[in-house]
Amino acid sequence: MAQPVRLPLPLPLQLPLLAWCALAALAGAVQGSFEVSVSPEAAMVEHGGSVWINCSTTCQDPGARGGLETSLTKANSKSGPRWAAFHLVSITEWVSAPQCYFICSNDMKVAAANISSYWVPERVVLEPLPKMELGRAYNLTCWVLNVAPVTHLTVTLRQGGRTLHTETFQNHTGIGPNDIPVTHEITPRRWDHGQAITCHAALDLTPHGPHFEKSSSTVELKVYDLPEEPQLLTSLYIEVGTTATARCRVAGIFPTAGEARFTLSFGGESLNFTVTTSGDTATAQGEVWSPFPGQRELNCTVTMGPVSRSAGRSVLVYSFPQPVLEIDQPQALVNRNVSVTCSAPASQPPGTTLQLRDSERTLASGPQPRLQLTLTTHKGDNRRQFTCEGNLSLGSHSLVKNMSAQLIVLYQPTLDESGCPSHRTWLEGTLQQLACEADGNPTPEVSCSKDSQVYSTSGVQNVTRGHAGIYRCSAANAHGTAGRNVTIHVEYKPTMDESSCPSTQAWLEGTLHTLACEADGIPVPRVPCTKEGAADEFGGKRNVSRNDSGTYHCTATNRLGSMSRRVTVQVEYRPIVLLLAVSPSDTVPRGTNFNISCRAEGSPAPAYRWTVPPAPNVHCSADNSTVSVASADRHNRGIYVCRVSNAHGQHLGQVRIQVTDHRLIIAALIAGSAVLLLGGTAGLVYYLKSTACKKGEYNVQDAESSSKATCLGHDSAVYGIQLTQT
């Protein structure tokens with residue numbers, strides 16, 4: 001509550017108040033003290049607006065009177081016991097202090113209110129920002145227009161969501177509205193590019209009034225950087241009438257290389273150019289030329305926002321004519337004199353030197369305008385390359401131009417070993433060329449023939465054995481001919497067939513033989529033969545035995561390959577009777593059946609033939625190796641002869657057959673018993689052995705070496721069969 005104050009009253013009120021003062025002093029003693037209050041004590045009113053002021057008192061006198069002293073316009077008022085309200089309108093005073101007063105028992109007390117009027121900012125304006133150079137300081141200026149009271153104003157500068165600067169004006173002394181500038185210095189960085197700058201004004205009248213905010217339009221930061229000087233790339237020397245590429249390149253451009261602006265000029269004249277970019281680098285490229293010699297300046301300027309950088313270089317435009325080479329006889333016969341001349345017109349700047357040279361060395365040198373050389377042609381001069389070279393020195397730079405010409409020397413053909421080898425080896429089945437190259441000019445025509453057949457020397461052919469032989473090769477041109485013999489050897493891997501290496505061979509035991517297999521092949525193959533299961537070769541001649549029979553593998557080999565054949569060797573020999581087998585025995589009771597089997601060995605297999613006692617009950621097997629007798633009688637007694645034969649000889653074996661009746665058998669048994677009695681135990685053993693052999697086989701030994709037959713029983717006892725040698 002505002003404290004009552006005593007203020008000087010306007011003159012019309014002073015006289016009544018003086019009288020009241022006297023009464024108040026008296027009445028105060030009667031009524032006691034009282035208070036006067038005003039509401040609102042402080043008020044913020046929009047300029048031209050209105051406000052109600054309430055005045056109240058604690059005076060208990062119902063007749064207490066009060067009022068409001070102010071220079072402001074009162075439109076209405078209300079009153080009641082101990083209070084009064086006044087409506088102040090059209091407030092245009094920026095600061096005023098209306099006074100509420102009450103007179104109680106002639107005592108008057110006053111309470112003052114503070115009323116301020118305000119003006120909401122008309123506009124908030126952020127001054128336009130220039131294009132900024134990276135690292136350079138700039139001022140941001142914001143204007144808050146027509147605002148009051150300024151002491152309640154706060155201005156904030158923001159970049160995106162970041163506050164750059166805040167400024168308040170509590171110490172401002174002006175009363176009415178003002179245009180308020182706020183300035184803040186910034187030094188832009190790369191990441192500031194494209195950032196939005198805004199200015200915010202806040203008029204805070206609380207707690208006695210409202211809160212207002214206004215913002216400026218957004219201003220975008222444009223930051224540019226061009227940290228490097230442009231680089232000019234072009235030749236320091238350009239020939240008159242020719243074009244050269246000029247490039248102006250600058251790196252480190254920010255924000256984008258595409259925003260760089262170029263100007264290119266040469267000799268004071270602007271050039272047409274194209275701009276390419278790569279990352280932060282931009283390059284302007286154009287063409288420069290001049291129709292006249294002399295020094296010219298090439299200049300380039302690059303602009304990036306507020307930043308410009310320039311570069312220049314001096315270019316020399318020169319005149320350097322092409323040298324001329326002349327050969328008075330470009331095509332000359334061998335052993336003729338030929339003149340070669342090297343010349344060149346004057347250059348600008350002057351100083352051209354000439355050289356006349358071939359592929360190996362310098363033949364002559366000196367200043368322009370001319371060099372000359374005379375030579376006698378030789379075969380080695382054919383296709384000799386001459387060069388006339390001009391050299392012009394421009395500072396440390398040397399320019400070279402040249403012209404070349406070839407000398408053709410004409411001569412007759414020659415054929416030698418290097419171009420047409422006299423001996424060649426080809427491999428059968430490969431593609432080969434009968435190449436024969438002749439030296440000669442013009443190029444000779446070369447042909448080769450064998451046995452009146454002409455062969456191409458340029459095409460390839462599939463080699464056969466028929467290509468082997470001697471060829472006659474000839475070369476000819478307009479100046480003569482040459483000839484040469486060429487021998488072709490055709491090599492091929494080994495081959496063997498039945499005629500050169502029979503797959504089946506027959507040898508005779510006891511003769512000398514060699515296992516010879518011949519193979520066709522060049523180089524001549526070696527043909528070793530090895531028996532299956534043996535480690536050693538069958539080499540040289542040897543005395544043939546039956547053990548040499550078997551399968552042999554013969555392999556022909558040369559450096560081109562190998563071929564194998566399987567050879568079966570059969571060793572043949574004369575036959576021999578190995579066995580005559582009588583079943584059941586050679587003594588046959590009358591009416592009994594018996595068989596005689598003949599077994600023989602020989603190669604080729606022997607044929608069997610029998611000589612037997614004539615009788616109708618004798619039969620032979622299909623292969624004639626066995627004789628069978630049914631119901632033997634006396635006609636079947638006698639000698640049975642088995643003859644075996646093949647191409648290499650014959651052999652026979654024989655056996656005697658006894659046919660007995662029963663009486664003779666009994667007599668034989670009695671005689672046998674007597675022998676057993678006389679012979680004792682040994683005789684008994686012999687009898688048992690002989691009985692075991694009666695039904696068995698008989699081994700007939702070689703008739704040339706023995707006349708005995710042995711029993712093939714387990715004890716091999718001799719049985720008395722007489723053999724006849726033939």
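What you see is a predicted model; the values in this text were computed from it and never measured.
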Whether the side chain of [X] engages the backbone of [Y] through a donor-acceptor N/O pair (distance < 3.5 Å, no angle test) should be reported.
| X | Y | value |
| --- | --- | --- |
| Gln322 | Asn402 | yes |
| Arg313 | Leu232 | yes |
| Ser117 | Glu93 | yes |
| Thr234 | Thr245 | yes |
| Thr168 | Gln170 | no |
| Lys214 | Pro121 | yes |
| Asp204 | Thr206 | yes |
| Ser310 | Thr301 | no |
| Lys109 | Phe34 | yes |
| Tyr118 | His47 | no |

Could you pull out the closest heavy-atom pair between [X] and [Y], with the gap in Å?
| X | Y | value |
| --- | --- | --- |
| Val124 | Ser215 | CB-C, 3.9 Å |
| Ala257 | Gly279 | CB-O, 3.6 Å |
| Ala260 | Ala282 | CB-CB, 4.4 Å |
| Gly209 | Met44 | CA-CB, 3.9 Å |

Verdict with reasoning, Gln295 to Ser314, per side chain to side chain donor-acceptor pair (under 3.5 Å) | CA-CA 7 Å; Gln295 293 289 142; Ser314 182; 2.5 Å; yes
Looking just at side-chain N and O atoms, do [X] and [Y] make a donor-acceptor pair shorter than 3.5 Å?
| X | Y | value |
| --- | --- | --- |
| Ser216 | Thr198 | no |
| Ser319 | Ser347 | no |
| Arg249 | Gln231 | no |
| Ser265 | Ser270 | no |
| Asp358 | Gln385 | no |
| Ser308 | Thr303 | yes |
| Gln355 | Ser365 | no |

Crowded around [X] [atom1]? As in, over 12 foreign heavy atoms under 6.0 Å?
| X | atom1 | value |
| --- | --- | --- |
| Leu399 | CG | yes |
| Asn139 | CG | yes |
| Arg370 | CZ | no |

Separation of [Y] [atom2] from [X] [atom1] (nearest 0.5 Å):
| X | Y | atom1 | atom2 | answer |
| --- | --- | --- | --- | --- |
| Glu213 | Thr156 | CD | OG1 | 8.5 Å |
| Leu233 | Thr283 | CG | OG1 | 8.0 Å |
| Leu226 | Glu259 | CG | CD | 12.0 Å |
| Gln329 | Ser339 | CD | OG | 9.5 Å |
| Thr187 | Arg136 | OG1 | CZ | 11.0 Å |
| Cys199 | Arg123 | SG | CZ | 12.5 Å |

Salt bridge (Lys or Arg N to Asp or Glu O under 4.0 Å) evaluation trace for Glu389 with Lys401 | CA-CA 6 Å; Glu389 182 177 278; Lys401 284 188 176 182; over 6 Å; no
How about [X] and [Y]: do any of their side-chain heavy atoms sit closer than 4.5 Å?
| X | Y | answer |
| --- | --- | --- |
| Trp119 | Val147 | no |
| Pro350 | Gln348 | yes |
| Val144 | Asn178 | no |
| Val89 | Leu72 | no |
| Val288 | Val315 | no |
| Asp225 | Ile253 | no |
| Leu271 | Phe266 | yes |
| Ile197 | Leu164 | yes |

Should the ring pair His193 and Phe254 be called parallel, tilted or perpendicular, given that the plane angle runs from 0 to 90° and is split at 30 and 60?
->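 Ring orientation, 0 to 90° scale: perpendicular.
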Can Thr73 and Ser90 be said to form a side chain to side chain donor-acceptor pair (under 3.5 Å), step by step?
-> CA-CA 7 Å; Thr73 302; Ser90 300; over 6 Å; no
So, is the end of the Lys78 side chain (NZ or CZ) under 6.0 Å from the ring centre of Trp52 and within 45° of the ring's axis?
->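 Lys78 over Trp52 ring: yes.
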side-chain contact (heavy atoms from CB on, under 4.5 Å), paired with Phe386, selected from Val338, Asp381, Leu363 | Leu363
